[in-house]
There are 2 protein chains.
Amino acid sequence: MNVLPIRIALVDDQKLFRGGLKMILSDRPDFKVVFEADNGKQFFERLAFEPVDVVILDVEMPVMDGIETLEMIRDKHPDIRVIMLTMHDSDRLINHLMQLGANGFLLKDENPEIVRTAVERVGQEGIFFRDYVSKALLKGGRQKPTKPEGYFGPNISEREMEVLALICQEFTSKEIAEKLFISARTVEGHRRSLQDKTGSRNLVGLVLYAVKNGIV
Amino acid sequence: MNVLPIRIALVDDQKLFRGGLKMILSDRPDFKVVFEADNGKQFFERLAFEPVDVVILDVEMPVMDGIETLEMIRDKHPDIRVIMLTMHDSDRLINHLMQLGANGFLLKDENPEIVRTAVERVGQEGIFFRDYVSKALLKGGRQKPTKPEGYFGPNISEREMEVLALICQEFTSKEIAEKLFISARTVEGHRRSLQDKTGSRNLVGLVLYAVKNGIV
DNA sequence: AACAAAGTAGGTAGATTTACCTATTAAAAG
DNA sequence: CTTTTAATAGGTAAATCTACCTACTTTGTT
């Protein structure tokens, strides 16, 4: 019985890595890499001429990154299966990608067999999980900072606690925004309301407040 | 025996306060308010036509403030006696004014008799102190923050400690500069070296460092 | 005398924060 | 069902901070 091969697209700006990936996949007769792209923009240009079943998509890319591309794929081509590829094993990132509708998640230092398995499963069953992914999903994607016991200050929301904790780790608003997948303006909003609630003039006051109240 | 009256100039931007001062001084036949001015600039304009013995000089003024004026008086007219007037009882300020060569120091909420005594003494003996002034001078003008016992971090200079302590009180560089009577650029310089020494990315890191090491 | 360190202060440029707005959406509370 | 809250995000403008420089003076030390 003859089965149609799984048509695969590779999207990654690192050409060498892409080559390695192609090599690994070429072992399998039931896989066919139909095209490659340097970024999301190029991917969509080629997709117009070459339909695919599975996309292996790097998260970190210039021009149009993996997250942006994933969102557009889900919007325009809900039938395409997407495996996200990244160097960083972050619960927050995994959770976010899964919420955006990724079908699988792989670390870049995974061994070849796992990659093949991932493509196969995603092609057949529509989903592939590694243990760390399910762990991340179980944890709700992050270890949310919580108000310490016996805290009696002004009511600080969960999200504000998250932002406050990150501020105390010396991250700028922009960096915090990237970590939480929200706009920098939103982070500024949270920060503003934190300053209002704690009566601080600036970041320094906020940090001191956090220290006093055992948040850091 | 007839004595020449002490010729007095009043320099304060608050006209009402100036009026009250004049009233208080007019009680004494041996005092003569020869002119008034809204700021240091006006003072020098009038001084050209009217020599004075004692100037009562407000610290806080627009255009040309009391400190600037005091410096110029010391430079151009070392014989003129200057009594500085302010609302704030700050050791640092008192010390700084005395270093600049003020002959006396008065708070704005002093009672009238003290004011008259101050003018008399300054006119006759060239100096007038209240108890809080001598205390301030004895303390060296400020309670310098010092490195806590058992501190083993990078070597932080006295001045840097002062700046760090003020940063932790939520003051901006400009405000710190005003308090320490140095340029904001200098404060930035100290801050920079503090960040270098403590390996902080920003203010937040600096504050956390201060907290960890018991400086606040 | 030469050198190092601390304190001072300026220039320029860019990044970040702060201070005001407005506005939408979803969820919770009344 | 209306109201409130939390979370989202955008605009504009000014203030502040950060990151590079350079330079001078004073003090203390080889």
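Letters go in sequence order (proteins before strands), and every chain restarts at 1. No hydrogens, no waters, no symmetry mates; every other heavy atom, side chains included, goes into these values.
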Legend entry - Atom pair distance, as rounded to whole Å: CG in B:Asn202 and C1' in C:dA15: 12 Å
Legend entry - OP1 or OP2 of C:dA15 under 4.0 Å from side-chain N/O of A:Lys174: no
Inset, instruction - In plain terms, say whether B:Glu188 and B:Arg191 are close enough for a salt bridge, that is, a side-chain N and a carboxylate O under 4.0 Å apart. - result: no
Legend entry - Residue of the set B:Thr86, B:Val82, B:Ile67, B:Asp65 for which side chain to side chain contact (heavy atoms under 4.5 Å, CB included) holds with B:Leu57: B:Val82
Inset, instruction - Taking only the side-chain nitrogens and oxygens of A:Arg201, find out if one of them lies under 4.0 Å from OP1 or OP2 of C:dT17. - result: no
Legend entry - Length of the line joining B:Arg159:CZ and C:dT8:C1', which is rounded to integer Å: 9 Å
Inset, instruction - Using only side-chain N and O atoms of B:Asn155, determine if any of them is under 4.0 Å from OP1 or OP2 of C:dA6. - result: yes
Inset, instruction - Can you tell me the distance, in whole Å, between the CD atom of B:Glu188 and the P atom of C:dG10? - result: 11 Å
Inset, instruction - Could you tell me whether the side chains of A:Glu170 and B:Ser200 share a donor-acceptor contact shorter than 3.5 Å? - result: no
Inset, instruction - State which residue, out of A:Thr186, A:Val187, A:Leu180, fulfils the side chain to side chain contact (heavy atoms under 4.5 Å, CB included) condition with A:Arg159. - result: A:Leu180
Legend entry - Among D:dA7, D:dT16, C:dT16, the nucleotide that comes nearest once only the side chain of A:Thr172 is considered: C:dT16
Inset, instruction - Could you tell me whether A:Asp13 and A:Arg18 make a salt bridge, using a distance below 4.0 angstrom between a side-chain N and a carboxylate O? - result: no
Inset, instruction - Ignoring backbone atoms, test whether B:Ser183 places a side-chain nitrogen or oxygen under 4.0 Å from the OP1 or OP2 oxygen of C:dG10. - result: yes
Legend entry - Whole-Å gap separating P (D:dT16) and CG (B:Leu166): 16 Å
Legend entry - Between P of C:dT17 and CG of B:Leu203, the distance in whole Å: 10 Å
Legend entry - Atom-to-atom span, CD of A:Glu158 to P of D:dA6 - whole angstrom: 12 Å
Inset, instruction - For B:Ser193, answer base if it contacts any base atom (sugar-phosphate contacts may also be present), sugar-phosphate if it contacts only those atoms, and nothing otherwise; contact means non-hydrogen atoms under 4.0 Å. - result: nothing
Inset, instruction - Calculate the interatomic distance between B:Leu194 atom CG and D:dC17 atom C1'; express it in whole Å. - result: 14 Å
Inset, instruction - May I ask you to decide whether B:Glu175 forms a salt bridge with A:Arg201, counting only side-chain N to carboxylate O separations under 4.0 Å? - result: yes
Inset, instruction - Please state whether the phosphate of C:dT8, meaning OP1 or OP2, lies under 4.0 angstrom from any side-chain nitrogen or oxygen of B:Thr186. - result: no
Inset, instruction - Examine D:dT18: is either OP1 or OP2 under 4.0 Å from a nitrogen or oxygen in the side chain of B:Arg191? Give yes or no. - result: yes
Inset, instruction - Map A:Lys197 and A:Ile182 onto DNA chain D by nearest heavy atom, then report which one ends up closer to the 5' terminus. - result: A:Lys197
Inset, instruction - Using only side-chain N and O atoms of B:His190, determine if any of them is under 4.0 Å from OP1 or OP2 of C:dT8. - result: yes
Legend entry - Heavy-atom donor-acceptor pair, B:Arg185 side-chain to C:dT12 base, under 3.5 Å: yes
Inset, instruction - Grab the CD1-P distance between A:Ile176 and D:dT8 for me, whole Å please. - result: 13 Å
Legend entry - Under-4.0 Å side-chain N/O to phosphate OP1/OP2 contact, B:Ser157 with C:dG7: yes
Inset, instruction - For B:Asp196 and for B:Glu175, locate the closest nucleotide of DNA chain D by heavy-atom distance; then report the residue assigned to the nucleotide nearer the 5' terminus. - result: B:Glu175
